[in-house]
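Worksheet for the structure shown next.
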There are 2 protein chains.
Amino acid sequence: MTNIEKINSKLNENFAEKGFRLTAPRKAVLSILSQNMNHPTVEEIYLQVHENYPSIGMMTVYRTLDLLVEWGVVHKFDFSEGKARYELIDHPDGIGHHHHLICHNCKKIINYTDFIDEEFKFITKLEKQLSKKHKFQITKHIIEFYGVCDSCVINN
Amino acid sequence: MTNIEKINSKLNENFAEKGFRLTAPRKAVLSILSQNMNHPTVEEIYLQVHENYPSIGMMTVYRTLDLLVEWGVVHKFDFSEGKARYELIDHPDGIGHHHHLICHNCKKIINYTDFIDEEFKFITKLEKQLSKKHKFQITKHIIEFYGVCDSCVINN
DNA sequence: GTTATATTGATAATGGTTATCATTAACATA
DNA sequence: TATGTTAATGATAACCATTATCAATATAAC
Ligand SMILES: [Mn+2]
Ligand SMILES: [Mn+2]
Ligand SMILES: [Zn+2]
Ligand SMILES: [Zn+2]
């Protein structure tokens, strides 16, 4: 089962069961996301969709992204820029589960998978212990590293 | 050296060297922060300062917080609520270095220090490895767990 | 084709944060 | 203590991502 198939089966679950409709604007947003590995903003997605689908409105992009997040198909990120960024979870050209290094200076976002298994093991254990101790059902973790990237160090 | 002394020495560094001034509004903001352990927003800080200092403007609170963050006295947090939250780093009644559990439902923020040494050791090692591999100078990490708190589980 | 309703997109509103700028206050110097 | 320099303040307007609204449209079931 390829990633695209996984996405489609997830989508079909929702369309079939909950009476949602697979419309042209939604297909267009999804298509753009599967062509991008660079954590685009709503506006960036809107502009790209707009090229092939000039009638689409910004609101539809917002709403479609909300749905895709709700359905577990897309991750929404907040890197404290004052605007959200999005990423397809099971990306066809993707690297799978990963975290990010974010450059404070140029806002570049580096995906990393190094030591991700070790990291995941540690986090899972930690979550289990914290969850028990604080009677808190953990549904999501955020691990991010901020700093200065290679080229920004050089140019200063 | 108590925490308050630590803060004051940090402040004095900046005031002495860089020509900054220790004004009444700044003292008021700092005082409110040292009386609060609950990650207040700008508005919450403003309202509390306003009680003892009715002439203060919102802008001064924003600017003072920016400075305190720049000087390494205060942490600025973004829990994706659309507004920032602040916390004194070396809080007089504080628990020291800690991370957070955030309830999606009621927005409650739980400080935890459990396993924090283990966590810190793991993160430090990870940072060193990632830093080398990706030629990225890490200055800050974010580790947060989101989920549903005890009382929100019960009330649903 | 008709119907019920999910979806769309133009537009206005919201709300936290920033920018501006004239006024005020703090500190150094005499 | 008075004076001059400049940092700090606060009222106000602007900014900008996101949300709310609602009439028009598209979709899928019958
Ligand atoms: Mn990524
Ligand atoms: Mn805290
Ligand atoms: Zn950079
Ligand atoms: Zn809760």
Side-chain angles (χ1 to χ4, degrees), chain A residues 11-32 39-71 73-86 107, chain B residues 11-32 39-71 73-86 107:
Chain A
L11 293 181
N12 284 329
E13 270 178 44
N14 290 290
F15 290 125
E17 288 178 20
K18 295 168 193 164
F20 288 121
R21 294 171 185 176
L22 185 48
T23 60
R26 286 176 183 177
K27 278 189 234 172
V29 169
L30 207 47
S31 162
I32 290 304
H39 320 88
T41 63
V42 174
E43 196 189 8
E44 285 164 354
I45 295 164
Y46 164 75
L47 288 174
Q48 289 190 59
V49 172
H50 196 262
E51 287 176 19
N52 298 318
Y53 195 132
S55 75
I56 199 169
M58 189 81 98
M59 268 317 298
T60 299
V61 178
Y62 270 104
R63 280 184 292 229
T64 300
L65 288 168
D66 280 351
L67 279 181
L68 293 173
V69 168
E70 194 186 319
W71 295 341
V73 172
V74 163
H75 269 147
K76 180 178 184 176
F77 292 106
D78 183 349
F79 296 129
S80 294
E81 301 168 285
K83 57 189 152 191
R85 291 188 174 275
Y86 296 85
K107 313 301 178 195
Chain B
L11 293 182
N12 285 328
E13 270 178 45
N14 292 289
F15 290 124
E17 289 179 19
K18 296 170 193 165
F20 289 118
R21 292 168 186 180
L22 186 48
T23 60
R26 287 176 183 179
K27 278 188 233 173
V29 169
L30 207 46
S31 162
I32 289 303
H39 320 87
T41 62
V42 174
E43 195 188 9
E44 285 165 354
I45 294 165
Y46 165 75
L47 287 174
Q48 289 190 62
V49 171
H50 196 262
E51 285 175 20
N52 299 320
Y53 195 132
S55 74
I56 199 169
M58 189 80 99
M59 268 318 298
T60 299
V61 179
Y62 270 104
R63 281 184 289 230
T64 301
L65 288 169
D66 280 351
L67 278 181
L68 293 173
V69 168
E70 194 186 318
W71 295 341
V73 172
V74 164
H75 269 147
K76 179 178 186 176
F77 292 106
D78 181 350
F79 295 130
S80 295
E81 301 169 285
K83 57 191 152 191
R85 291 187 174 275
Y86 296 84
K107 314 299 176 196

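In what follows, chains carry the letters A, B, and so on, assigned in the order in which the sequence lines appear, proteins first and then strands, with residues in each chain numbered from 1. Being a predicted model, the structure only gives us computed values, none of them experimental.
Checked by atom type and distance alone, the side chain of Thr64(A) pairs as donor or acceptor with a backbone atom of Thr60(A) at under 3.5 Å.
For the pair Ala24(B) and Met59(B), both in contact range of DNA chain C, the more 5′-proximal nearest nucleotide belongs to Met59(B).
The shortest distance between the side-chain N/O atoms of Thr23(A) and the OP1/OP2 oxygens of dT8(C) is below 4.0 Å. Distances shown here put a side-chain N or O of Arg26(B) below 4.0 Å from the OP1 or OP2 atom of dT9(D).
Atoms CD1 (Ile56(A)) and P (dT7(C)) sit 14 Å apart, rounded to a whole Å. Here dA28(C) presents its P atom at 15 Å from CZ of Phe20(B), a figure rounded to the nearest Å. The interatomic distance linking Asp78(A) (CG) with dA17(D) (P) rounds to 13 Å, in whole Å. In this entry the distance linking CZ of Arg85(A) with P of dT18(D) reads 11 Å, nearest Å. Rounded to whole angstrom, the span from the CZ atom of Phe79(B) across to the P atom of dG16(C) amounts to 17 Å. Rounded to an integer number of Å, the gap from CG of Leu22(B) to P of dA28(C) is 12 Å. If you measure from atom CD of Glu43(B) to atom P of dT14(C), you get 16 Å, rounded to the nearest angstrom. Atom OH of Tyr46(B) is separated from atom P of dG16(C) by 14 Å (rounded to the nearest Å).
Taking only side-chain atoms of Arg21(A), from C-beta outward, the nucleotide of dG9(C), dA6(C), dT6(D) with the closest atom is dA6(C). With distances taken from any side-chain atom of Tyr53(A) to the nucleotides dG9(C), dA26(D), dT17(C), the minimum falls on dG9(C). Of the candidate nucleotides dT18(D), dT5(C), dT17(C), dT17(C) has the atom lying nearest to any side-chain atom of Lys83(B).
Around atom CD of Glu81(B), more than 12 heavy atoms belonging to other residues, nucleotides or ligands sit under 6.0 Å away.
Here the CD-CG distance, from Glu43(A) to Leu47(A), works out to 5.0 Å after rounding to the nearest 0.5 Å. In this structure, NZ on Lys107(B) lies 9.5 Å from CZ on Arg85(B), to the nearest 0.5 angstrom.
Every residue two or more places apart in sequence or in another chain was checked for a side chain to side chain donor-acceptor pair (under 3.5 Å) with Asp66(B), and none qualifies.
Contacts between residues 60-67 of chain A and DNA chain D, defined by a heavy-atom separation under 4.0 Å, are made by Tyr62(A), Arg63(A).
Here the rule is side-chain contact (heavy atoms from CB on, under 4.5 Å) with Met58(A), and of Val49(A), Ile45(A), Val42(A) only Val42(A) fits it.
The residue Thr41(B) sits apart from the nucleic acid: no heavy atom pair falls under 4.0 Å. Looking at heavy-atom distances under 4.0 Å, Ala84(B) makes contact with sugar-phosphate atoms alone, never a base.
Between Phe77(B) and Phe79(B), the ring planes lie parallel to each other; the angle is under 30°, not in the 30° to 60° tilted range.
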